[in-house]
Amino acid sequence: MEKYQPLTESVFYILLALRKPNHGYGIIQEVKELTGGRITMGAGTLYGAIQTLEVKKWISVYSEETDSRKKKEYVITELGKKTFKQECLRLNQLLENSKLMEN
């Protein structure tokens, strides 16, 4: 098993956007909406990340249209959910520890 590495912000939001099946353009739109426009993901960034996430088995193809465009929908896997939850725990700990600066 590989050593845990913190998720990049893009990967965090891609996994979050895939809590239900979604295609590339839908992921880009949802990330933009979730972040209030702060993150505008380009297609190259998205599809590079999707390839990596598929190799890691954090996401999988949910469905694929058979027409000429071959639009794929992706969804987070159980391993992806576990990784996402681990990252949320790490981020929550950071926030809790940051409160020490308030004293």
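All values derive from a computational prediction rather than experimental measurement. Nothing fancy with the numbering, it's 1 onward along the sequence.
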Option from Thr77, Val11, Thr83 for which side chain to side chain contact (heavy atoms under 4.5 Å, CB included) with Leu53 holds: Val11
Residue pairs fulfilling salt bridge (Lys or Arg N to Asp or Glu O under 4.0 Å) with at least one residue in residues 15-25, sequence neighbours excluded: Arg19-Glu30, Lys20-Glu30
Listed partners of Ser63 passing side-chain hydrogen bond (donor to acceptor under 3.5 Å, both in side chains), at least two apart: Glu73
Heavy-atom side-chain contact between Phe84 and Leu18 under 4.5 Å: no
Residue list, side-chain hydrogen bond (donor to acceptor under 3.5 Å, both in side chains) with Lys57, at least two apart or on another chain: none
Salt bridge (charged side-chain N to carboxylate O under 4.0 Å, His left out) against Glu33, all qualifying residues, sequence neighbours excluded: none
Non-hydrogen atoms of Met41 and Ile28 that approach each other most closely: O-CG2, 3.6 Å
Under the side-chain contact (heavy atoms from CB on, under 4.5 Å) test, residues paired with Thr52 that sit two or more places apart: Lys56
Pairs meeting criterion side chain to side chain donor-acceptor pair (under 3.5 Å) with involvement of residues 39-51, two or more places apart: none
Heavy-atom closest pair, residues Ala17 and Ile27: CB-CG2, 4.1 Å
Main-chain N/O of Cys88 paired to Asn92 side chain as donor or acceptor, under 3.5 Å: yes
Partners meeting salt bridge (charged side-chain N to carboxylate O under 4.0 Å, His left out) with Lys81 (sequence neighbours left out): Glu78
Salt bridge (Lys or Arg N to Asp or Glu O under 4.0 Å): pairs with one or both residues in residues 40-49, sequence neighbours excluded: none
Straight-line distance of Tyr74 OH to Ile50 CD1, nearest 0.5 Å: 5.0 Å
Euclidean distance, Ile76 CD1 relative to Asn22 CG, rounded to 0.5 Å: 12.5 Å
Linked hydrophobic residues, Tyr62 as query - side chain contacts closer than 4.5 Å: Val75
For Gln29, side-chain hydrogen bond (donor to acceptor under 3.5 Å, both in side chains) partners two or more places apart: Tyr25
CG-CG distance between Leu16 and Leu34, expressed to the nearest 0.5 angstrom: 5.5 Å
All side-chain contact (heavy atoms from CB on, under 4.5 Å) counterparts of Glu9, not counting sequence neighbours: Tyr13, Arg38, Ile39
ILVMFWY network linking Leu79 to Leu89, side-chain heavy atoms under 4.5 angstrom: no
Partners passing side-chain hydrogen bond (donor to acceptor under 3.5 Å, both in side chains) against Glu87 (at least two apart in sequence or in another chain): Tyr4, Arg90
